[in-house]
Amino acid sequence: MARILLLSELLILYFLYTFSPTVYNPGFCTGVLVLVAIAILTTGFHIKRYTPDIHHRVFRPAYLFFIAFFIVNFQVFIDLLVGNLSPDHRVFVGSDNINKGVIFSSISFISLLYGYICTNKGYKTYNRIYYFKNSTIKAIAWLSVVLLWLFIKECGLTNLISGNIYKNLGDINLDTTVRSEVILRILFAAEIIMISYKLRNNKTALSAINFVRQFPISFIITYSIYIALRLLSGVRYSVISSLLLIAFAYVFANRSTIRNWIAITTACIMAISLSIIGIARGLIENYSITDKYSVAKEIFSDRMTSISPWTKELANSVFCNQVAIDLAKADPAIFRYGFFQLNYILRFFVPGLILDSAHLIPKEDTSSAIFLTISRYGYDATSGLGTTINADFFLDFGIIGMVFCLFGIGVFLKKIDLTIFANSGMGQLSIMAAAIVIIMSANVVYLPRSALLPALRSAIYTIIFLYILSSKKSSRPC
């Protein structure tokens, strides 16, 4: 019944998207949001009935993803309907795009929910033993120390603390990848996955403190320093993903969630703190750190007009959706038919620096983020517009292709949830499944405002690295 209802809503919304009125109509937008509310309630009842083991768990990957996705796609429109924003606000890219934007976000969200309720199976377990030597775990920890030193040396400690190393992060003409950090994050992920994988398969339930004690002290210090440096430099993605990586590794190892009140309280504190950090990062570099954060607090107070001030910056990512909709309306032939995804896949095997220097791919076709930036601001843009996961698929495959892609992500998220909490068989997960579950769980908060395949790339690199390090005996699936 739930599947039929969500599918019916998708068909209705697709019709409305095709024939939506161009003049902003608050009643029309409210009606569309009512359909979304019905879909959310229907999905909740479906989960409670068919997968009760995960229904009550707030701290689970899909739940965090849905919250972040809702913020990115709907907060701005709700602010508009309650009077916090005017239809002429720049985020809507013209008031004539508002109706279509609400429908676009609704189709995206319901596609995710539909995919989520269409499977009740996690990843398979195997009668296969994967294990990692203690000497390997200690070696990776010390190698992380070396890579952290290289990372600091490459960026400069002063630049890292001030955030100046990232002042041109969005410049479409600059290669701003810090290569030592890429390798460092792979080592971090590998170390955390090895420990949590071992504990899960040994069925060793530990408290959070005892879980952390399983790691070598050199790794704990290195990981803490890295998070502190990223916190000071205002790079929120690195802070959030690093904290979620260790948190979901703990959940994965114990097959039990973090208490709801702890998760909610921590999330609220982090949201407010990281919003202030993000504002401070954007202030002029001549300010001292103290002055930056003082001004950031003042700017943050100006955001109190939103229904959720601490997520307003994340919510403004809907601008990418609106630009994509506006471009498609002006030129129906704008779609890239999978070219962005093909480029992402090529970069799994060929370094981006080589591809870019060879000029094999036009600059605007490198990614949806760069495409949107150039389309909106031209080739001389000094900051990147970014993208969203639904805009990325939409620009590649159109509205129908986007629905299928987001449906697949919904299925993927359900498998991750079930694997963490409901997979209690006697067999063991493959190291590939464990790595995908933990790494992608760490990225769920920022994934709605980015493309999928670049986020998946680090998981693939880590999987390859883990396979090299592991010892195993093959057998059959359970």
Side-chain angles (χ1 to χ4, degrees), residues 1-3 5-6 36-71 109-125 193 196-197 199-201 203-208 211 240 243-267 406-430 432-445 447-448 459 478:
M1 184 64 184
R3 296 175 185 177
L5 179 60
L6 265 60
V36 174
I38 293 172
I40 293 173
L41 291 174
T42 302
T43 302
F45 287 128
H46 182 90
I47 295 171
K48 186 175 182 180
R49 179 178 180 182
Y50 293 101
T51 50
D53 287 344
I54 64 173
H55 175 261
H56 64 284
R57 304 179 192 272
V58 172
F59 192 78
R60 68 178 194 266
Y63 196 86
L64 295 183
F65 180 89
F66 289 146
I67 291 174
F69 192 90
F70 189 90
I71 290 169
F109 193 56
I110 294 175
S111 298
L112 285 167
L113 296 179
Y114 185 54
Y116 191 80
I117 66 173
C118 279
T119 185
N120 291 316
K121 295 181 179 179
Y123 288 106
K124 290 181 179 179
T125 58
I193 291 167
S196 58
Y197 184 78
L199 293 173
R200 179 185 174 97
N201 290 329
K203 296 180 173 57
T204 306
L206 298 173
S207 66
F211 174 74
I240 292 175
L243 292 174
L244 287 179
L245 181 66
I246 195 73
F248 276 116
Y250 167 73
V251 171
F252 175 82
N254 282 357
R255 304 180 194 234
S256 63
T257 190
I258 296 173
R259 292 182 181 179
N260 290 346
W261 71 269
I262 295 177
I264 294 171
T265 303
T266 304
L406 292 175
F407 170 86
I409 291 176
V411 173
F412 177 60
L413 289 169
K414 183 64 167 291
K415 283 184 171 292
I416 288 178
D417 278 0
L418 292 175
T419 300
I420 290 179
F421 299 115
N423 194 333
S424 57
M426 294 302 293
Q428 297 181 346
L429 284 171
S430 69
M432 179 178 73
I436 290 176
V437 165
I438 296 174
I439 294 175
M440 296 311 293
S441 296
N443 287 281
V444 290
V445 171
L447 195 55
C478 294

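Any value given below was found using the heavy atoms of this structure, including those in side chains, with hydrogens, waters and symmetry copies removed.
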Return the minimal non-hydrogen interatomic distance between [X] and [Y], and the atom names on each side.
X	Y	value
I439	A459	CD1-CA, 3.6 Å
I416	M440	CD1-CB, 4.1 Å
F65	V444	CD1-O, 3.5 Å
I193	A435	CD1-CA, 3.7 Å
S441	L244	O-CD1, 4.3 Å
I240	V445	CG2-CB, 4.1 Å

> How would you list all residue pairs meeting salt bridge (Lys or Arg N to Asp or Glu O under 4.0 Å) that involve residues 55-66, not counting sequence neighbours?
Replying inline: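 Matches after skipping sequence neighbours: R60-D417.
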> So do L64 and F248 actually touch side chain to side chain, heavy atoms under 4.5 Å?
Replying inline: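 They are in contact (side-chain heavy atoms under 4.5 Å apart), so the answer is yes.
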>> With side chain to side chain contact (heavy atoms under 4.5 Å, CB included) as the criterion, how do I409 and L447 come out once you've worked through the C-alpha distance, each side chain's angles and the decisive distance to 0.1 Å?
In response: CA-CA 11 Å; I409 291 176; L447 195 55; 5.6 Å; no
Can you tell me how far [atom2] of [Y] sits from [atom1] of [X], rounded to the nearest 0.5 angstrom?
X	Y	atom1	atom2	value
L112	K414	CG	NZ	13.0 Å
N443	L245	CG	CG	8.5 Å
L413	L406	CG	CG	10.0 Å
L6	F407	CG	CZ	11.0 Å
K415	N120	NZ	CG	10.0 Å

>> Please enumerate all residues that pass side-chain hydrogen bond (donor to acceptor under 3.5 Å, both in side chains) together with Y63, with sequence neighbours excluded.
In response: none
Under 3.5 Å donor-acceptor pairs involving side-chain atoms of residues 37-47, not counting sequence neighbours:
{"from": "T42", "atom 1": "OG1", "to": "I38", "atom 2": "O", "distance (Å)": "2.7"}
{"from": "T43", "atom 1": "OG1", "to": "A39", "atom 2": "O", "distance (Å)": "2.8"}
{"from": "H46", "atom 1": "NE2", "to": "I117", "atom 2": "O", "distance (Å)": "3.3"}

> Got a sec, which residues hit ring-ring contact (aromatic ring centres under 6.0 Å, His included) with F412, two or more places apart in sequence or on another chain?
Replying inline: none
> Mind checking what makes ring-ring contact (aromatic ring centres under 6.0 Å, His included) contact with F252, not counting sequence neighbours?
Replying inline: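 With sequence neighbours excluded, F252 shows a ring-ring contact (aromatic ring centres under 6.0 Å, His included) to no residue whatsoever.
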> In chain order, what residues pass the side-chain contact (heavy atoms from CB on, under 4.5 Å) check against A253, with sequence neighbours excluded?
Replying inline: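 A253 satisfies side-chain contact (heavy atoms from CB on, under 4.5 Å) with S196, L199, F211 once adjacent residues are dropped.
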> Aromatic rings F109 and F70: how do their planes relate, parallel, tilted or perpendicular, breaks at 30° and 60°?
Replying inline: perpendicular
